[in-house]
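Worksheet for the structure shown next.
Values below: all heavy atoms of this structure, side chains included; hydrogens, waters and symmetry mates excluded.
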Amino acid sequence: GLTRAARSGDGAEQREFKLSKAGEALASVRRDSGFGEGPRLFMPGIPDLDAFPREIWARLLRRASQRFDPVSASYGAMSGVERLRDVLCEHLREARGVIAEPEQIIITTSAQAALDLLARALLNNGDTVWFENTGYPGARAAFLGASATLQPMAVDEHGANPATAEGQPRLIYVTPSHQYPTGRLMPLTRRLELLESAERHDASIIEDDYDSEFQFQGRPVAALQGLDRTGRVLYVGTFSKILQPGIRVGYAVVPKALAEPLARMQRNTGQVVSAGVQHALADFISEGHLRAHVRRMCALYEERQGMLADALKR
């Protein structure tokens with residue numbers, strides 16, 4: 001197994017630590033190469049940090065720091081400040097077609113934290129997860145850390161294909177609006193197949209909708225969650241890809257029956273976002289800054305995409 005040893009200041013070797021099986025599984029998925037030096041060209045998952053509206057964000061943070069809310073300033077609202085859940089719920093309904101109530105939203109420190117929370121809540125040792133092949137390493141780490149068994153789903157021109165997976169899944173993980181890393185968009189027929197497979201196997205689906213706001217042609221395709229009529233889709237999103245990873249805010253939209261136990265789990269694991277950041281983010285959304293920022297970034301990224309495509313052709 002993996003062990004860890006350290007040396008004291010005088011060079012004496014300290015005791016070794018043997019990781020648990022869950023610890024070994026989490027540590028085995030390497031995702032940190034190069035991040036310590038900051039963003040590099042063509043590094044996936046990093047927005048243009050120079051385009052972030054710093055002055056607006058600083059003003060909203062100052063305003064939020066002066067607001068005293070005895071609930072969120074203490075140990076209340078651990079799963080999310082009420083106002084942020086309200087405005088985020090409305091935003092997701094309009095922008096992504098998500099059907100939910102504010103109390104179904106769990107605010108987390110990242111999409112990765114949401115995946116970890118859901119994996120711990122729903123997976124027992126050895127449970128099967130259908131996983132996109134190739135798929136997002138962070139999700140792989142969350143499921144392996146929950147001692148799950150991963151079964152690959154082949155990715156074709158329509159995204160993940162559930163007909164290619166084996167076993168009896170407890171969870172099915174997909175990125176239907178922008179498959180990671182191929183960028184494939186899952187059409188309606190495949191989405192309906194996926195929902196039918198989940199119902200047939202009595203499985204839940206985790207829909208990772210990490211950056212679907214960025215659409216260059218036509219209207220964005222609505223989330224898979226909006227098609228779900230049986231409460232099987234658990235919707236995960238993040239502000240890291242839209243704004244900046246340093247804000248450390250993600251979220252999960254879950255069926256009502258899961259909301260309360262997940263809130264208790266979150267309280268006991270401490271994956272809680274600063275109330276001040278949440279208040280500032282609520283203002284950022286409600287005052288229209290998020291919508292305006294997404295429009296600007298779509299135009300910027302479309303221009304860069306075209307320049308890259310032209311350069312590759314040459």
Side-chain angles (χ1 to χ4, degrees), residues 1-9 11-36 44-45 75 78-79 106-153 165-175 180-181 201-208 210 234 236 238 240 245-246 248-252 254 257-274:
L2 294 174
T3 59
R4 294 291 181 268
R7 292 184 178 275
S8 63
E13 187 165 326
Q14 304 297 299
R15 65 178 290 246
E16 291 186 342
F17 290 89
K18 181 174 175 57
L19 297 179
S20 67
K21 289 183 178 180
E24 286 187 1
L26 281 168
S28 70
V29 180
R30 292 190 169 274
R31 306 168 52 216
D32 55 353
S33 178
F35 277 91
Y75 287 105
M78 298 293 280
S79 296
I106 307 290
I107 304 297
T108 64
T109 53
S110 62
Q112 184 67 32
L115 293 172
D116 177 71
L117 191 66
L118 293 172
R120 291 202 223 189
L122 298 174
L123 294 172
N124 292 311
N125 185 22
D127 279 348
T128 296
V129 177
W130 286 1
F131 189 81
E132 295 174 329
N133 185 26
T134 302
Y136 175 50
R140 175 182 293 275
F143 302 139
L144 291 177
S147 301
T149 300
L150 301 186
Q151 287 291 341
M153 288 185 295
E166 299 179 353
Q168 177 74 23
R170 177 70 186 260
L171 275 179
I172 303 172
Y173 173 83
V174 287
T175 51
Y180 187 96
H201 292 285
D202 194 23
S204 296
I205 298 172
I206 294 182
E207 177 183 12
D208 189 346
Y210 61 97
L234 316 172
V236 171
T238 179
S240 295
R248 301 288 189 267
V249 181
Y251 52 89
V254 301
L258 262 182
E260 185 177 344
L262 282 175
R264 292 197 299 269
M265 286 182 62
Q266 187 179 31
R267 172 69 178 89
N268 290 328
T269 56
Q271 299 181 24
V272 180
V273 180
S274 160

#### Entry: Heavy-atom closest contact (Ala203 atom, Pro169 atom, distance)
CB-O, 3.3 Å
### Message
Using modelled atom types and a 3.5 Å cut-off, is there a donor and acceptor pairing between side-chain atoms of Asn268 and backbone atoms of Arg264?
### Response
yes
### Message
Do Val272 and Ile107 have side chains that approach each other closer than 4.5 Å (heavy atoms only, starting at C-beta)?
### Response
no
#### Entry: Distance, nearest 0.5 Å, that separates CZ of Arg248 from OG of Ser240
7.0 Å
### Message
Just verifying a value: how many Å separate Ser28 OG and Leu19 CG, rounded to the nearest 0.5 Å?
### Response
10.5 Å
### Query
Are side-chain heavy atoms of Leu117 and Ile106 found at a separation under 4.5 Å?
yes
### Query
Looking only at atom types and distance, does a side-chain atom of Trp130 sit under 3.5 Å from a main-chain N or O of Ile205, one as donor and one as acceptor?
no
### Message
Would you compute the distance between atom CG of Leu26 and atom CZ of Arg140 and round it to the nearest 0.5 angstrom?
### Response
13.0 Å
### Task
Would you indicate whether the side-chain heavy atoms of Arg170 and Asp202 approach each other to under 4.5 Å?
no
### Distance, nearest 0.5 Å, that separates CG of Leu171 from CG of Leu123
4.5 Å
### Task
Determine whether the side chains of Thr108 and Gln266 contain a donor N or O and an acceptor N or O closer than 3.5 Å.
no
### Message
Just so I know, are the side chains of Ile206 and Val236 near enough to count as touching, which here means a heavy-atom distance under 4.5 Å?
### Response
yes
### Query
Between atom CG of Leu122 and atom CZ of Phe143, what is the distance when rounded to the nearest 0.5 Å?
9.5 Å
### Message
Looking at every heavy atom in both Ser110 and Ala113, which two are closest together, and how far apart are they?
### Response
OG-N, 2.9 Å
### Gln271 and Asp116, any side-chain heavy atoms less than 4.5 Å apart
yes
### Message
Using side-chain heavy atoms (C-beta onward) and a distance below 4.5 Å, is Thr109 in contact with Val249?
### Response
no
### Query
Looking only at atom types and distance, does a side-chain atom of Arg120 sit under 3.5 Å from a main-chain N or O of Ala146, one as donor and one as acceptor?
no
### Task
Examine distances only and state if a side-chain atom of Glu132 and a backbone atom of Thr175 form a donor-acceptor pair shorter than 3.5 Å.
yes
### Message
Main chain of His201, side chain of Gln168: is a donor-acceptor contact present, judged purely on distance under 3.5 Å?
### Response
yes
#### Entry: Worked check of side-chain contact (heavy atoms from CB on, under 4.5 Å) between Asp208 and Val174
CA-CA 6 Å; Asp208 189 346; Val174 287; over 6 Å; no
### Message
Using 0.5 Å steps for rounding, measure from the OH atom of Tyr173 to the CG atom of Leu234.
### Response
12.5 Å
### Message
Classify the ring geometry of Tyr210 against Tyr180: parallel below 30°, tilted from 30° to 60°, perpendicular beyond 60°.
### Response
perpendicular
### Query
Do the side chains of Pro181 and Thr134 get nearer than 4.5 Å, heavy atoms only?
yes
### Query
Going by heavy atoms in the side chains, are Thr238 and Gln112 under 4.5 Å from each other?
no
